[in-house]
Each structure stands twice: as C-alpha cells, then as structure tokens.
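Data block below; observations after.
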Amino acid sequence: MPYGTLIRQIRQAKHIRLADLADEQLSEALLSRFERGQTDITLTKFLHLLHRLHVTPEEFVLLADQPRRIGPDFFGHFSDFYFRIDASGHMENKEKALLRAQNLVTVTAQDYRTVPTRWHLLNWRGAQIHLQRAKHNLDMPDTAVIDLTPVQEYLLNLDMWTAVDMQVYAFFLSELADDANHLILQAAAKHIPERMLDSSWQRILFPAGESQFMAFMVHGKMAYARDTLAILEQITARSPNAMDGQVHLIFLTGWLAFVTGSDQTAGRQKMDQAISIFTILDHRLEASRYRQLKEQITGADPTPILPDIWL
C-alpha cells in the first residue's frame, strides 16, 4: 500500500482534518498531494507527520508490513507523568517530584496556549492529574476539578488506536467513570491492529484491562467485570506470548468465581493455583502481589483493594 494512502487511512480513522494536521512544515496542499500519491516528502517531514498523527514509526512500518525499530520520542509528555524509581528501587524524593509535576503543568499549559490543539490539551490535562497525584503523596489536599471530557471524547471516537492512544488511556483510566471505561476498553480491543499484539500493545492493553477488571470488581460492577474478562481472554488467545496472560486469567477467573459463584472454594483454589505457578516460574513480584490481593479478596487482610495498573 502506498504510504500516502496509509497516512490518509490513519488520519481519517483518528478524525483529523488536513487543516488540523498542517503546520509550518507541512502545508495542507502538500499533505493532500502526498496522500493522493502525487508527490513525495522528505524523511524529516515524514517523521514530523507521524509525530503529528501520534503514530510511532515502529507502528507505521508494522502497518505497512516492513518491520524495523524506532526511538521513544512520540509520546508527548505522557512518559513524564509517572513517578520515578531510583537504582535502589525506591521512589524519587516527594518534594522533588512535586516540583517536577508543577513544572510540567506550566510547560504543557503554555504549549496549549501557544498552539491550542487537542494533543496539547490532552498533555495539559495529564500534567494536571500528575500534579494532583504528587500532592496526594505529600498529603496536600487538592480539590480542583479537572475536566476530562476531552480525554473521554478523544478515546471514544477513535476508529484506529495506536500505542500513543493506549498510553493516554492507561494514564487516565483510573480517573474516568466506570461507564466510560467499559466503553473505552471495548473500543480499544475492537480496533487493535493484529500486528501490534507482539509490539507495544500487549505491554499496555492487558495491564489496562486487568486494572479495569479490578476497579469493576471493587465497585461491584460484575457485568462490566465479566465483559472485561472476556476481552482479556481474547487478547491472550491472539497474543504470541500468552503464558503470563493465561496465569493472570486463572487468578482473575478465580476472583470472579469467589465473589459471584456458589462455590467459593473453587474460586479460592484458582487464585492459589495462579500464585503457585508464578512462584514456580520465579515471578516473585507477581506472586507477592497476587498473594496480598487474595488475602484482601477473602477478607484475611482487611485493607481495601486499590486498583492500579502495572506496566
């Protein structure tokens, strides 16, 4: 498929107009001619075009069936919206994290005011959420209401998802309502490109779905939890590296059975089975995490379950 044709398909799937894609490097007329195969563009402009579409070069060449590797610079500020861990495994200094988060809000707000695109708005909203989380870690109450409607509308209206979209979803999912997340996860699974399962998708989509499952279970949304479990089963069945996903599914299936089934013993046994497999495989982090979660589920540990995403 000609590159211009594929670019047009991606742009239309993301509901981006040529006028919104054009800037000082790429005129609307040039983009139109490139999409129609009437002209070529330089490599520099092509990479800039992918950046504007929020598609990594790796994803583009996979869609074009020409595998290669790329760098990580196509995710905006979203890779900055996570608290850092030092070489010893400890979280970074909380005061330092707060200052960094405040600076990110300033930078992303200025970016949006200078060029008020949807992408800059999503980055600004991400920085605001990141700052709230940094303040929470310092027991600093923050009652500011952040309008996440643009995030929700962006994710719900995508006809093609890329790794950038998955990272946006993974970052915001804990802030969105259950009803919205139920629809967004279904949309993400529906539009997953087949070739992306062995790429960045598998590393984000399954953890995002698992986090959603946990949230739905904690909130008592059992129908949503069952739908999510079905999606995770589909992802695992289509994945070339399905072993870990299958073990996770054993635990999640046991959790659902323990809470909703008539035989709690069977549900407990499935959770124990998953923990044992992770222990045998020497996956100590997963074994420890699920062992604690099982204690919370069964009531042996009275602390509340806090859904989280492990990337």
Side-chain angles (χ1 to χ4, degrees), residues 1-79 108 111-126 149-170 183-184 186-202 204-205 238:
M1 179 187 301
Y3 285 179
T5 302
L6 182 54
I7 287 292
R8 182 175 64 247
Q9 290 180 357
I10 293 171
R11 176 180 63 78
Q12 291 175 342
K14 288 176 170 288
H15 303 284
I16 299 175
R17 301 179 305 167
L18 279 174
D20 294 330
L21 196 60
D23 62 5
E24 67 279 358
Q25 294 191 45
L26 298 164
S27 69
E28 188 174 347
L30 176 61
L31 289 169
S32 179
R33 292 197 303 272
F34 176 63
E35 288 188 351
R36 296 197 305 270
Q38 296 176 350
T39 188
D40 289 326
I41 60 177
T42 65
L43 177 59
T44 299
K45 289 185 176 181
F46 183 71
L47 292 175
H48 180 67
L49 173 58
L50 293 184
H51 200 164
R52 297 276 291 165
L53 285 168
H54 317 307
V55 177
T56 67
E58 180 184 36
E59 287 183 296
F60 184 86
V61 296
L62 283 171
L63 290 170
D65 200 21
Q66 298 182 34
R68 54 172 287 190
R69 296 188 62 82
I70 53 91
D73 300 328
F74 283 73
F75 292 84
H77 287 282
F78 278 91
S79 57
T108 54
D111 287 344
Y112 179 69
R113 294 187 183 103
T114 302
V115 184
T117 64
R118 179 177 57 188
W119 179 240
H120 283 152
L121 179 58
L122 294 180
N123 275 263
W124 184 16
R125 291 291 182 263
T149 303
V151 178
Q152 182 174 310
E153 291 179 346
Y154 171 74
L155 293 172
L156 284 174
N157 286 293
L158 288 170
D159 293 325
M160 176 185 287
W161 283 62
T162 58
V164 171
D165 304 318
M166 280 306 307
Q167 183 153 355
V168 171
Y169 174 41
L183 294 173
I184 293 169
Q186 290 179 316
K190 177 181 178 182
H191 294 295
I192 179 172
E194 193 70 36
R195 297 182 185 128
M196 298 307 176
L197 276 172
D198 60 350
S199 182
S200 47
W201 274 77
Q202 176 67 8
I204 303 177
L205 183 56
R238 294 167 59 190

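A quick note: this is a predicted structure, and the numbers were derived from the prediction, not measured. Side-chain atoms are counted along with the backbone in the values below, which use heavy atoms only and exclude waters and symmetry mates.
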* Structure fact -> Rounded to the nearest 0.5 Å, the CD1 atom of Ile10 sits from the CD atom of Glu59 at a distance of 8.5 Å
* Check the pair Phe34, Thr5 against side-chain contact (heavy atoms from CB on, under 4.5 Å), reporting the backbone distance first and the verdict last. => CA-CA 8 Å; Phe34 176 63; Thr5 302; over 6 Å; no
* Min side-chain heavy-atom separation Asn123-Tyr112 under 4.5 Å -> no
* From CG (Asp23) to CD (Glu28), nearest 0.5 Å -> 12.0 Å
* Asked: Is any side-chain heavy atom of Leu31 less than 4.5 Å from a side-chain heavy atom of Leu21?
  -> yes
* State, without any angle test, whether Asp165 and Thr162 hold a side-chain donor-acceptor pair at a distance under 3.5 Å. => yes
* With salt bridge (Lys or Arg N to Asp or Glu O under 4.0 Å) as the test, would you mind laying out the steps for Lys14 and Asp159 before giving the verdict? => CA-CA 6 Å; Lys14 288 176 170 288; Asp159 293 325; over 6 Å; no
* Asked: Quick check: does any side chain N or O of Arg33 sit under 3.5 Å from a backbone N or O of Thr39, one acting as donor and the other as acceptor?
  -> no
* **Validation row: Glu35, Arg11 side chains within 4.5 angstrom (heavy atoms)** => yes
* Asked: Of the non-hydrogen atoms in Pro57 and Leu50, which two are nearest, and what is the gap between them?
  -> CA-CD1, 3.8 Å
* Asn157 (side chain) donor-acceptor with Glu153 (main chain) under 3.5 angstrom -> yes
* **Contact check, side chains of His15 and Leu158, non-hydrogen atoms, under 4.5 Å** => no
* Asked: Atom CZ of Arg8 and atom CD1 of Ile16: how far apart are they, to the nearest 0.5 Å?
  -> 15.0 Å
* To do: Would you verify whether the NZ or CZ of Arg113 falls within 45 degrees of the ring axis of Trp124 while also being under 6.0 Å from that six-membered ring's centre?
  => yes
* **Side chains of Ser79 and Gln167 in contact at under 4.5 Å (non-hydrogen atoms)** => yes
* Asked: Looking at Phe78 versus Trp119, is the centre-to-centre ring distance below 6.0 Å?
  -> yes
* Between His54 (side chain) and Val164 (backbone), is there a donor-acceptor pair under 3.5 Å? -> no
* side-chain contact (heavy atoms from CB on, under 4.5 Å) between Thr56 and His51, worked out -> CA-CA 7 Å; Thr56 67; His51 200 164; over 6 Å; no
* Do the ring centers of Phe60 and Phe46 come within less than 6.0 Å of each other? -> yes
* CA sep, side-chain torsions, deciding dist, call: Thr108, His120, side-chain contact (heavy atoms from CB on, under 4.5 Å) -> CA-CA 7 Å; Thr108 54; His120 283 152; over 6 Å; no
* Taking side chain as C-beta onward, heavy atoms only, is Leu49 less than 4.5 Å from Gln25? -> no
* Test item: Gln9 and Leu63 side chains (from C-beta on) under 4.5 Å apart, heavy atoms -> no
* Structure fact -> Ser27 and Ala22 have their tightest heavy-atom pair at C-CB, 4.0 Å
* Smallest separation among heavy atoms of Ala188 and Met166, with atom names -> CB-SD, 4.1 Å
* To do: For residues Ala170 and Ile204, report the shortest heavy-atom separation together with the two atoms involved.
  => CB-CG2, 3.9 Å
